[in-house]
Amino acid sequence: MMRTTLLRQALHALNWIGAPSWAPESLRGQGVVFMLHRVRSAPVPAFAPNRILEITPQMLGRVIRRVRALDYDIVTLDEALRRLEAGHNARRFAVFTFDDGYKDNLTEALPVFEEHDAPMTVYVSAGMPDGTMHIWWVALEEIIRRAEHIEIELNGRLYSLKTRTDRQKDMAFTRLYWPLRFMDEDHLRSAVALLAHSHGVSIEAITQESALNWDDVRGLTNHPLVTVGSHTVDHFALCKLPEARAREEMLRGAKRIETMTGVMPQHFAYPFGDPGSAGEREFRLAKELGFKSATTTRKGLIHTNHADRLTSLPRISLNGDYQDIRLVDVLMSGVPFPLARLIPSLGAA
């Protein structure tokens, strides 16, 4: 929570000193790829550690309008790649992408894009509509929400945490999330599944409630404003997997989408997508598997040199903790990203 507050303060400070107005044009590059996960109109409860993955339909509409007011064209990934190839003479572009395959991408997000006649991309993890994927971060939130006390052993360390108050629940989520993230992918899921079972939480029910089904995915595939991309099968951090298994995850996810929709995805997003989850090996695999592009969660704008690195594209997160259009202006100015190299904590913005 403290880090989130500091990041928000840093972005507000850049806005206060007028960064968007004095930022060199060169920092803005050729375009931006926005990363989103969920769009939800429901009120956010006090304990909601995954709220960073959610924005409201109203905020999404404001961002779309602001992007166009800044003279960016909202385009498909295919058009973005065409403009990137064209170089400096092409108009600036913005691409909106959604990770994982949540139901609200269809029910809440798509109507906003239809209202504004703007395209969107949905990267689907095949395990979401298949109902087999463990959305373990959502399951962990639900476990802690229900519990008054959590006890779990991770990596040989016993965690015994009170979870009665919202503050205690927030602290428990933070203390457990990162040790889980650093675990082997299979052991991570086993640990969360065991904890879920002991607290009466069904991970399968959470997936079914949250995910698009295959009829939904087919509908999105056939929608003129939507590009469906691939996001593996089970949302593993690929760097943690042996190369053969990482390749299989990437290929099998795309093939499953092709089988169920009749269309082979041409674009890919790495699960988690940070440097510890996707690196040069994964960038090479994406290229070898024939994806036209692959996006990371590394923060940044798109510049001309990305034409030679289409399988390691950076994105800007539309973070649920920063639902302030002024902060979008700051991020699109490009100013935070060179600063992040000097002040690493800014890189999480």
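What you see below is based on every heavy atom in this structure, not just the backbone, and it leaves out hydrogens, waters and symmetry mates.
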* **Residue Lys240 excluded, over 12 heavy atoms near NZ under 6.0 Å** => yes

* Answer yes when Glu288 and Arg247 have at least one side-chain N-carboxylate O distance shorter than 4.0 Å, and no when they do not. => yes

* Asked: Got a donor-acceptor contact below 3.5 angstrom from the Ser125 side chain to the Gly127 backbone?
  -> no

* Structure fact -> Distance col, row Arg40:CZ vs Leu60:CG, nearest 0.5 angstrom, shows 15.0 Å

* Test log, rule side chain to side chain donor-acceptor pair (under 3.5 Å), inputs Ser160 and His149 -> CA-CA 7 Å; Ser160 183; His149 183 263; 2.8 Å; yes

* Apply side chain to side chain donor-acceptor pair (under 3.5 Å) to the pair Thr297 and Arg315, showing each step before the final yes or no. => CA-CA 6 Å; Thr297 62; Arg315 290 187 284 177; over 6 Å; no

* Derivation and outcome, side chain to side chain donor-acceptor pair (under 3.5 Å), residues Tyr177 and Arg181 -> CA-CA 6 Å; Tyr177 178 85; Arg181 273 289 305 271; 3.2 Å; yes

* To do: Answer yes or no: is there a side-chain heavy-atom contact under 4.5 Å between Leu313 and Arg298?
  => no

* Check Val32, Asn15, Val63 against Val328 for a side chain to side chain contact (heavy atoms under 4.5 Å, CB included) and give me the one that passes. => Val63

* Asked: Is it true that Glu79 and Arg82 make a salt bridge, defined as a side-chain N closer than 4.0 Å to a carboxylate O?
  -> yes

* **Residues Asp321, Arg51: salt bridge by 4.0 Å N-O rule** => yes

* Pair Arg218 + Asp215: basic N to acidic O under 4.0 Å -> yes

* Any side-chain heavy-atom pair of Ile143 and Ile150 under 4.5 Å -> yes

* When you measure from the side chain of Asp104 to the backbone N and O of Val39, does any donor-acceptor pair fall under 3.5 Å? -> yes

* Asked: With a cut-off of 6.0 Å (strictly less than), are more than 12 heavy atoms of other residues, nucleotides or ligands near CD of Glu85?
  -> no

* Would you indicate whether Lys103, at its atom NZ, is surrounded by more than 12 heavy atoms from other residues, nucleotides or ligands within a distance under 6.0 Å? => yes

* Can we say Asp324 and Arg62 salt-bridge, meaning some charged N sits less than 4.0 Å from an Asp/Glu carboxylate O? -> no

* **Main-chain N/O of Ser312 paired with Thr296 side-chain donor or acceptor, under 3.5 Å** => no

* Structure fact -> salt bridge (Lys or Arg N to Asp or Glu O under 4.0 Å) pairs touching residues 114-137, sequence neighbours excluded, are Asp130-Arg256

* Asked: Can a donor-acceptor pair be found between the side chains of His267 and Thr227 at a distance below 3.5 Å?
  -> no

* Asked: Is the count of non-hydrogen atoms from other residues, nucleotides or ligands lying under 6.0 Å from Met183 atom CE greater than 12?
  -> yes

* Parallel, tilted or perpendicular for His231 and His235, by the 30°/60° rule? -> perpendicular

* With sequence neighbours excluded, residues passing salt bridge (charged side-chain N to carboxylate O under 4.0 Å, His left out) with Asp100 -> none

* Under a 4.0 Å N-O cut-off, is there an ion pair linking Glu249 with Arg245? -> no

* Considering only heavy atoms from C-beta outward, does the side chain of Leu180 approach that of Trp136 to under 4.5 Å? -> yes

* Main-chain N/O of Thr56 paired with Gln323 side-chain donor or acceptor, under 3.5 Å -> yes

* So, Thr311 side chain and Lys287 main chain: donor-acceptor pair closer than 3.5 Å or not? -> no

* Is the number of heavy atoms from other residues, nucleotides or ligands under 6.0 Å of Trp16 CH2 greater than 12? -> no

* Audit row: Ser41, Glu108, side chain to side chain donor-acceptor pair (under 3.5 Å) steps and yes/no -> CA-CA 8 Å; Ser41 52; Glu108 301 257 18; 3.1 Å; yes

* Under a 4.5 Å cut-off applied to non-hydrogen side-chain atoms, are Asp329 and Arg66 in contact? -> yes

* Asked: side-chain hydrogen bond (donor to acceptor under 3.5 Å, both in side chains): which pairs involve residues 189-210, sequence neighbours left out?
  -> Glu185-Arg189

* **Lys292 bridged to Asp78 by N-O distance under 4.0 Å** => yes

* Salt-bridge contact Arg284-Glu280 (side-chain N to carboxylate O under 4.0 Å) -> no

* Asked: Do Arg146 and Glu142 sit within salt-bridge range, that is, some charged N less than 4.0 Å from a carboxylate O?
  -> yes

* To do: Verify whether one side chain among Thr295 and Tyr123 offers a donor that lies under 3.5 Å from an acceptor in the other.
  => yes

